[in-house]
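First the proteins, then the strands, lettered A, B, ... as listed; each starts at 1.
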2 protein chains.
Amino acid sequence: MEAALAVLSGRWTTLVLRELIHGPRSYGDLSGALPRLSDKVLSDRLRTMVEQGRAERGETTGFPTRTTYSLTDRGLLLRPLLVELYRTGQGLLDTRGP
Amino acid sequence: MEAALAVLSGRWTTLVLRELIHGPRSYGDLSGALPRLSDKVLSDRLRTMVEQGRAERGETTGFPTRTTYSLTDRGLLLRPLLVELYRTGQGLLDTRGP
DNA sequence: CGGTATCCAAGATGATACTG
DNA sequence: CAGTATCATCTTGGATACCG
């Protein structure tokens, strides 16, 4: 449990994961989908996820650079947990949340 | 999802919840089961859970006081999420964690 | 036994500005 | 477009000590 929590740690981690679960996303996609997330924190999270082997980065050679992030198999392990987080969140709101 | 995360926020919240899911526990039970958790944080967490309506407190009248905490129906909503946290944690460790 | 009161250190986050 | 650099701030957690 502590291991799973450690992976989700950080206020924005799960939200970035949710975006990536729907498929590869560019830095700009993520930044646009999460407007309240600062560039600094976004790149912090992405770097951590890549270091942990949960995400991969595909970088183009041209200019402007276009980088695409996608989940690895290890990252996809988290999918059921994210689904349960969503379900539980709905449940909490239904019964007068949070 | 954010609602669910907010409820689990705090490094020790899920561990306290796990103890309570097995049944009512006194303050001392919890403190003993989680030796690395300071009194301050334990009482912070319990207070928050009671405020949120996820736990209830039953206090005796005598002395020394003996207080028992237990989960409410709202608290039990979190059970499937905790189970999934546990499952995911196991999965992470199996594939070379954390 | 079952807490509360302080204070401090560390880490996370946010705002802003700048670069290849 | 895709970041990095810097700094202020906010939040958590831990240590310690004390109270009814």
Side-chain angles (χ1 to χ4, degrees), chain A residues 1-20 23-52 54-71 85 98, chain B residues 1-20 23-52 54-71 85 98:
Chain A
M1 253 173 64
E2 302 174 73
L5 282 170
V7 168
L8 295 187
S9 78
R11 185 173 166 196
W12 296 100
T13 305
T14 51
L15 300 177
V16 175
L17 281 169
R18 184 182 58 184
E19 295 301 319
L20 292 180
R25 293 285 186 273
S26 71
Y27 185 94
D29 289 338
L30 295 170
S31 185
L34 303 166
R36 320 251 303 170
L37 175 54
S38 73
D39 280 345
K40 182 207 171 212
V41 176
L42 175 54
S43 63
D44 282 355
R45 293 292 154 246
L46 290 171
R47 189 177 323 114
T48 301
M49 290 169 59
V50 170
E51 281 169 3
Q52 292 177 337
R54 314 210 177 283
E56 273 178 336
R57 120 197 238 157
E59 199 170 337
T60 64
T61 48
F63 183 87
T65 317
R66 183 164 277 277
T67 310
T68 303
Y69 291 89
S70 52
L71 291 184
L85 268 172
Chain B
M1 254 173 62
E2 301 175 74
L5 281 171
V7 168
L8 295 186
S9 79
R11 184 174 166 194
W12 296 99
T13 306
T14 51
L15 300 176
V16 175
L17 282 168
R18 185 182 58 182
E19 295 301 319
L20 292 180
R25 293 285 185 272
S26 71
Y27 185 93
D29 290 339
L30 296 170
S31 185
L34 303 166
R36 320 252 303 167
L37 177 54
S38 73
D39 281 344
K40 180 210 173 208
V41 176
L42 175 55
S43 64
D44 282 355
R45 293 294 154 244
L46 290 171
R47 189 178 324 115
T48 302
M49 290 169 58
V50 170
E51 281 170 1
Q52 291 176 338
R54 312 209 177 284
E56 273 177 336
R57 119 198 240 157
E59 200 169 338
T60 63
T61 47
F63 182 86
T65 316
R66 183 164 277 277
T67 311
T68 304
Y69 292 89
S70 53
L71 292 184
L85 268 172

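- Among the protein residues, A/Ser43 comes within range of the nucleic acid bases, having at least one heavy atom under 4.0 Å from a base atom.
- Here C/dG20 presents its P atom at 17 Å from OH of A/Tyr27, a figure rounded to the nearest Å.
- Heavy atoms of A/Ser31 sit nowhere under 4.0 angstrom from any nucleic acid atom.
- Across the protein-nucleic acid pair, B/Leu37 atom CG and D/dA15 atom P stand 11 Å apart, rounded to whole Å.
- B/Asp29 places a side-chain N or O within 3.5 Å of a backbone atom of B/Ser26 that can act as its donor or acceptor partner.
- Put simply, A/Trp12 has a side-chain N or O that comes within less than 4.0 Å of OP1 or OP2 on C/dG14.
- Phosphate proximity of D/dT4 to A/Arg47: present, with a side-chain N or O under 4.0 Å from OP1 or OP2.
- For B/Arg66, whose side chain is taken as the heavy atoms from C-beta onward, the closest listed nucleotide among D/dG3, C/dC1, D/dC7 is C/dC1.
- Residue-to-nucleotide proximity on DNA chain C shows that, of A/Arg11 and B/Glu59, the 5′-proximal contact is made by B/Glu59.
- B/Asp39 has its CG atom 11 Å from the P atom of C/dG2, to the nearest Å.
- Atom P of nucleotide C/dC1 and atom OH of B/Tyr69 are separated by 15 Å, given to the nearest angstrom.
- We find that CZ of A/Arg57 is positioned 9 Å from C1' of D/dA2, with the value rounded to whole Å.
- Rounded to a whole Å, the CG atom of B/Asp44 is 10 Å from the P atom of D/dT12.
- Contact annotation for A/Arg36: no contact, since no heavy-atom pair falls under 4.0 Å across all strands.
- Put simply, CE on B/Met49 and OG1 on B/Thr13 are 7.5 Å apart, with the number rounded to the nearest 0.5 Å.
- Checked against D/dG14, C/dA15, C/dG2, the side chain of B/Thr67 finds its nearest nucleotide in C/dG2.
- Distance, B/Lys40 NZ to C/dT4 P: 12 Å, rounded to whole Å.
- Heavy-atom distances to DNA chain C give each of A/Ser9 and A/Thr65 a nearest nucleotide, and the one nearer the 5′ end belongs to A/Ser9.
- To the nearest angstrom, C1' of C/dG3 lies 15 Å from CG of B/Asp29.
- Note that CZ of A/Arg47 is 9.0 Å distant from CZ of A/Arg57, once rounded to the nearest 0.5 Å.
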Report task. Could you check B/Thr67 against B/Thr60 for side chain to side chain contact (heavy atoms under 4.5 Å, CB included), going step by step and ending with a plain yes or no? Result -> CA-CA 6 Å; B/Thr67 311; B/Thr60 63; over 6 Å; no
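- The minimum heavy-atom distance linking B/Pro24 with B/Thr68 is given by the pair CB-CG2, 3.5 Å.
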